[in-house]
There are 2 protein chains.
Amino acid sequence: MLKIAKSVEYALFAIKYIHESGNRECVSVKEISDSMNIPYELLAKIMQRMVKNGIITSQHGTNGGYILNNKPDAIFLGQIVGALGLKIQMTDCLVHDPTVSDCARFKTCCLRSPISKIQDKINLLFDHTTVQELI
Amino acid sequence: MLKIAKSVEYALFAIKYIHESGNRECVSVKEISDSMNIPYELLAKIMQRMVKNGIITSQHGTNGGYILNNKPDAIFLGQIVGALGLKIQMTDCLVHDPTVSDCARFKTCCLRSPISKIQDKINLLFDHTTVQELI
DNA sequence: CATATATCCGACTAAAATTATCGTATATCT
DNA sequence: AGATATACGATAATTTTAGTCGGATATATG
Ligand code: SF4
Ligand code: SF4
């Protein structure tokens, strides 16, 4: 229960790898996926999502790859989760747009509010944890 | 991501229902599942698990059912999770018996320890949240 | 300009976890 | 004895997550 997505781990490993590659121009998905034993296609998708969300920058073509936009201590765990299109959602009803919830109990449920508070605390935890602390 | 098991919600609803039934002898699964719209068989199993873990007591036979062993303010969310055989486990490696982990990265992984600390905080949160606060 | 390399992106498939159901046994009240 | 209700393991259905595939676009280099 309360499992973190594998993709988040992969993203963190990738950031760590690029960061430790230091001054090199950029690092390709192939190199990362080979070194860290991460499925190539899956990691590629993860990288693309992180580009879209401004965490890394991509370089197409020969000798291309990815560069970190920020130091790991300026990237937050919550950012990674968001970039991957994921979100912390403990129940079906805790969505940004509450009209979307398909839970039949929605209107009368007593759990929503207190669970929401717990979720908020976890979100806060994620938003304050830097990638530096994780890698 | 980080979804709470539906069974936990069902368990909480059941406890709430029994609690609000007040001074009655005991409350059957059928009555709870009908009132709260919870699948009967599933709730039955949940109740059995809670019996085994001392949260409720069962009464077999005609007019049987379940009774709360404690007031909701003396039952903790973490207890419910544990009773249902669930546990907060953010990664594959964060198991009680670490030799069981089947993650190939286990030995060298840098994420385990920091993620474990986050998990500890969430566990603490669960262990300090009473059912009273939730229902 | 041609070619090799590497990112981009949506759709698809496979695997795992969760949720729900079934069948049968056991206990208890009337 | 008969009706009612819990006990419990096994199985099925559903949902979510993880991983794969195919084809497109961009760029360095010769
Ligand atoms: S409304 Fe209540 S039952 Fe429905 S998803 Fe939210 S917490 Fe769960
Ligand atoms: S060892 Fe690392 S990669 Fe493996 S499950 Fe734990 S955190 Fe994830």
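We name chains A, B, ... by the order of the sequence lines, and we start the count at 1 in each one. What you see is a predicted model; the values in this text were computed from it and never measured.
Here the P atom of nucleotide C:dG10 and the CG atom of A:Leu42 are 16 Å apart, to the nearest Å. Here D:dT17 presents its C1' atom at 16 Å from CE of B:Met90, a figure rounded to the nearest Å. Here D:dA18 presents its P atom at 13 Å from CZ of A:Phe13, a figure rounded to the nearest Å. Separating the NZ atom of B:Lys45 from the P atom of C:dC22 is a distance of 12 Å, rounded to the nearest angstrom. Summarising the geometry, the separation between CE on B:Met1 and C1' on D:dT15 is reported as 17 Å, rounded to the nearest angstrom. Rounded to whole Å, atom C1' of C:dA4 lies 11 Å from atom CG of A:Asn63. For the pair A:Tyr10 OH and D:dT17 P, the computed distance is 14 Å after rounding to whole Å. Distance A:Leu84 CG to D:dG19 C1': 15 Å, rounded to the nearest Å.
Distances were taken from every side-chain heavy atom of A:Thr62 (C-beta onward) to each of D:dG19, C:dT19, D:dA28; the shortest belongs to D:dA28. Nearest to the side chain of A:Glu41, among D:dT6, D:dC21, D:dA18, sits D:dC21. Between D:dT4, C:dC8, C:dT19, one nucleotide has an atom nearer to the side chain of A:Ser58 than all others, and that is C:dC8.
Of all the heavy atoms in B:Gln48 and B:Tyr66, the pair that sits closest is CG-OH, 4.1 Å. In this structure, A:Ser28 and A:Gly64 approach most closely via the heavy-atom pair CB-O, 3.9 Å. Annotation for B:Ala14 and B:Met47: closest pair CB-SD, 3.8 Å, computed over non-hydrogen atoms. What you find for A:Val51 and A:Thr57 is that their closest heavy atoms are CG2-C, 4.5 Å.
The shortest distance between the side-chain N/O atoms of A:Ser28 and the OP1/OP2 oxygens of C:dT5 is not below 4.0 Å. Phosphate proximity of C:dT5 to A:Gln59: absent, as no side-chain N or O sits under 4.0 Å from OP1 or OP2. An OP1 or OP2 oxygen of D:dT6 is reached within less than 4.0 angstrom by a side-chain nitrogen or oxygen of B:Tyr40. OP1 or OP2 of C:dC8 sits under 4.0 Å from a side-chain N or O of A:Tyr66.
Both B:Leu43 and A:Ala44 sit near DNA chain C, but only A:Ala44 has its closest nucleotide nearer the 5' end. Both A:Lys3 and A:Val51 lie near DNA chain C, and the one whose nearest nucleotide falls closer to the 5' end is A:Val51. For A:His60 and A:Lys6, each mapped to the nucleotide of DNA chain D holding its nearest heavy atom, the one lying further toward the 5' end belongs to A:Lys6.
Using a 4.0 Å heavy-atom criterion, one finds that B:Gly64 contacts the sugar-phosphate atoms exclusively.
Side-chain atoms of B:Asp73 and B:Thr130 form no donor-acceptor pair, as typed in the model, at a separation below 3.5 Å.
With hydrogens and angles ignored, a donor-acceptor pair under 3.5 angstrom links the side chain of B:Gln48 to the base of D:dA7.
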